[in-house]
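Proteins get letters first, then strands, A, B, ... in listed order; numbering begins at 1 in each.
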2 protein chains.
Amino acid sequence: MTPKIARYLAEQQPATPCLVVDVDHVAARYAALSDALPLAHIYYAVKANPAPQILERLVSLGSSFDAASIGEIRQCVAAGATPDRISFGNTVKKVSSIREAFALGIDLFVFDSVEELYKLADHAPGARVFCRLAVENAGADWPLSRKFGTTLKHAHELMLMARDLGLDPYGLSFHVGSQQTQTDAYEAAIARVAMLHTDLKNDGIDVRMVNLGGGFPVRYNSDVPDIDDFGLAIGQAMTRHFGNDLPQMLVEPGRYLVAEAGVVSTEVVLVSRRGGKETDPRWVYLDIGRFSGLAETEGEAIRYTFRTDHDGEPTGETIVAGPSCDGVDIMYEKRRVELPLALKSGERIELLTTGAYVSTYCSTGFNGFAPLSEHYI
Amino acid sequence: MTPKIARYLAEQQPATPCLVVDVDHVAARYAALSDALPLAHIYYAVKANPAPQILERLVSLGSSFDAASIGEIRQCVAAGATPDRISFGNTVKKVSSIREAFALGIDLFVFDSVEELYKLADHAPGARVFCRLAVENAGADWPLSRKFGTTLKHAHELMLMARDLGLDPYGLSFHVGSQQTQTDAYEAAIARVAMLHTDLKNDGIDVRMVNLGGGFPVRYNSDVPDIDDFGLAIGQAMTRHFGNDLPQMLVEPGRYLVAEAGVVSTEVVLVSRRGGKETDPRWVYLDIGRFSGLAETEGEAIRYTFRTDHDGEPTGETIVAGPSCDGVDIMYEKRRVELPLALKSGERIELLTTGAYVSTYCSTGFNGFAPLSEHYI
């Protein structure tokens, strides 16, 4: 938690549940990533947190943007991003969205299938397109690979087809999975891309861009490699496989830029051992749950760190659940959390590193709970 | 799909994704449930769908309401429900919510733990309270039991404690799990409640109410027992275990009343075999997904029926996914869906039996997609 957030929470005591984001910290992370990957263009993955305050700050820092929908494109434009700094980065796009984006001047679109390519050729004629490859997602806490990307062989066919359809076969992309904790995940993926790059060159297509995706990890409750380690691994792999003929590099960080800038403040609603015995499991119910922001705890994938007023006191194994009447609204049960035994209902606790993928996963009003409030400071 | 919904969709072609609900069908289901369980008081589980049009219609039909939060209580009051017809049915309640509910005149609260009982004694003095028992949820497609309810032994202690704290130990409740497809699930639960009822009588506590919970199933894509079968099973079990000394009976249907009244209309955004070969898996991406309403497809638990303009034509195994860039936004993959091979992007298809637990699970704007629109006709 940054000092600014700690001060804000102490002084303002905003109603819970709420998310407090230190926008200066986002800027610091942007600078760290720029330093680690000086040759890469940063396209912020808007889906991680589309708050105008974040988008505006990133616009002012010179960032570009990876948008998942026409809605996100509109948000980027509203924040001052020019169309040349926006990539329409979803392989699944409505025709109406492609048309609107193209009319706005957006000229960079991803695809991974024949049908999408036809849609782009028809509704964004001549646009720069890049093909997404499926790569291994081992090592990622939030994998993405099944749903997106195609094979090396089919990508080759699709890039030729893109040219024949009058599109500009501009680049190749991959995604090693979100919260990827192994730096060498990039090595294998870059090797594949480079192979295809060479094959396409032989067919007269000069791939000018490689989009390395996002996935750079943040510290939830265990250490992860430093961003400089990823920068080094990526730089070495690119040089090894592309030599001096480096294509333009894009990265699409979301979580890395915003997660650590955010803190969720929540109230303990109930502490109970429902069987009434000291040996019964201890449950802590919070006023935020899986359907009010903490969707990434599904399968207990993302493990947030808790901060309480009793830190340092004796702890016990705890199941942590949300406030709704839904039986699956449980955050941590299989791997329980050590929380202070003194914790009582009515107390506030903080969930750290919650700036990414919290505010937007929040339901409109499940069980009658209003969406969590957001404070950007 | 009711004729009224079919006509509305054909004539209005509302923008997708949207939910269309036939409120008359809700009324018909209310009547069917009243007929099947003539002695039971119906408390509609507002969380299933809190649309004002539904609440108002149910108020006019004489229904009572099971509210999960102070937000839902306010919605019921706004729809015209008097406080005596509202139960605060969440075992996990903020003190501020208990106080506000009590001030509004609400006098019926559930609990399943010591701490909650103290909160109720302090902030809703003298109120009628009922204790939730944990029961088996086998046979339910959406189980609830781990998170709620206590043991028979501890419930006994808690009911005595409730009396000692000046509360009215009014009733006992259980929940056999949502979308429960086995009528005899109630038999075992009622037997347990009756046992406790007798034990409490020996301690001078006359339990006047048994809350049978909800869970009555609806037809998604396989047949379920008729509501009359549940009515018969419950009636027989109550008579067998309570004889002529029947307590007041409450039921809390949510899904049963509203699911079949609703249809989601969605657009196919992309159909692809991403490897490019006919043998590759076929994916259909819709403009609604797990984070824009179809949350109950988690673990592929609830299986909706699809209606397309190609019904009756040749079909093939299909993976169905949502429109977001999130890799877990996949509805059906392990057990694939047979969908027409002629299906193309841009076509509309309908998801049947989607009136319950769709509109409120919807995220505020994940990936920049606006919440689905709702039409009550």
Side-chain angles (χ1 to χ4, degrees), chain A residues 46-47 50 67-72 75 89-90 92-95 112-116 119 134 142-151 154 157 267 269-272 274-276 285 287 291 295 298 321 323-325 327-330 345-346 360-371, chain B residues 46-47 50 67-72 75 89-90 92-95 112-116 119 134 142-151 154 157 267 269-272 274-276 285 287 291 295 298 321 323-325 327-330 345-346 360-371:
Chain A
V46 177
K47 66 181 89 63
S69 66
I70 193 67
E72 287 191 355
Q75 289 167 323
N90 190 335
V92 180
K93 296 175 286 297
K94 281 193 182 183
V95 162
D112 65 5
S113 68
V114 174
E115 198 185 65
E116 194 71 12
K119 288 196 277 181
W142 197 256
L144 304 169
S145 70
R146 290 200 322 271
K147 191 176 165 185
F148 307 107
T150 183
T151 62
H154 193 48
E157 296 161 358
E267 182 182 320
V269 187
L270 179 68
V271 181
S272 72
R274 273 181 288 111
Y285 301 85
D287 68 358
F291 302 109
E298 178 179 342
S324 75
C325 287
V328 308
D329 186 13
I330 300 173
S345 79
T360 56
Y361 268 119
C362 183
S363 74
T364 52
F366 188 55
N367 271 233
F369 296 111
Chain B
V46 176
K47 64 180 93 61
S69 65
I70 193 67
E72 287 192 354
Q75 289 168 323
N90 190 336
V92 180
K93 296 175 285 299
K94 280 193 182 184
V95 162
D112 65 4
S113 68
V114 174
E115 199 186 63
E116 194 71 11
K119 287 196 276 179
W142 198 256
L144 305 168
S145 70
R146 291 201 318 272
K147 191 175 166 185
F148 307 106
T150 183
T151 60
H154 193 48
E157 295 161 358
E267 183 182 319
V269 186
L270 179 67
V271 181
S272 71
R274 273 180 289 112
Y285 301 84
D287 68 358
F291 302 109
E298 178 179 343
S324 76
C325 287
V328 307
D329 185 13
I330 300 173
S345 79
T360 55
Y361 268 119
C362 183
S363 73
T364 52
F366 187 55
N367 269 232
F369 296 111

Given a strict heavy-atom distance threshold of 4.5 Å, which part of B:Pro371 is in contact with chain A: side chain, backbone, both, or neither?
side chain
pair B:His154-B:Val114: side-chain heavy atoms closer than 4.5 Å
yes
Sidechain-backbone polar pair: A:Asn367 side chain, A:Cys325 backbone, donor-acceptor under 3.5 Å
yes
Salt bridge (charged side-chain N to carboxylate O under 4.0 Å, His left out) with B:Glu298: which residues, sequence neighbours excluded?
A:Arg290, B:Arg290
Need one label for B:Val269: side chain, backbone, both or neither, based on atoms under 4.5 Å from any heavy atom in chain A.
both
Check: A:Leu270 main-chain N/O paired with B:Glu116 side-chain donor or acceptor under 3.5 Å
no
Tell me, out of B:Thr150, B:Val46, B:Val95, who's got the most heavy-atom pairs with chain A below 4.5 Å.
B:Thr150
Okay, A:Glu267 and chain B: the region with an atom under 4.5 Å from a heavy atom over there is side chain
Looking at A:Lys94, A:Lys93, A:Glu157, which makes the most heavy-atom pairs under 4.5 Å with chain B?
A:Lys94
Portion of B:Val271 that has a non-hydrogen atom of chain A nearer than 4.5 angstrom:
both
Heavy-atom pair count under 4.5 Å with chain A, highest-scoring of B:Asp287, B:Ile70, B:Val92:
B:Val92
ring-ring contact (aromatic ring centres under 6.0 Å, His included) involving B:Phe291 - partner list, sequence neighbours excluded
A:Tyr361, B:Phe366
Between A:Ala67, A:Gly346, A:Gly275, A:Ser272, which has the largest tally of heavy atom pairs under 4.5 Å with chain B?
A:Gly275
Evaluate the criterion side chain to side chain donor-acceptor pair (under 3.5 Å) for residue pair B:Asp329 and B:Ser324; output intermediate values, then yes/no.
CA-CA 7 Å; B:Asp329 185 13; B:Ser324 76; 2.7 Å; yes
So which of B:Ser345, B:Pro50, B:Gly365 has the largest heavy-atom pair count under 4.5 angstrom toward chain A?
B:Ser345
Taking the side chain as everything from C-beta on, heavy atoms only, tell me whether B:Tyr285 gets closer than 4.5 Å to A:Lys147.
yes
Does any non-hydrogen side-chain atom of B:Arg146 lie less than 4.5 Å from one of A:Ile330?
yes
Side chain, backbone, both or neither of B:Lys119 within contact of chain A (heavy atoms, under 4.5 Å)
side chain
Option that, when pairs with chain B are counted at under 4.5 Å, heavy atom only, ranks first among A:Ala68, A:Ser69, A:Ala321
A:Ser69
Specify which of A:Pro323, A:Gly276, A:Gly89, A:Gly71 makes the most heavy-atom pairs with chain B at under 4.5 Å.
A:Gly276
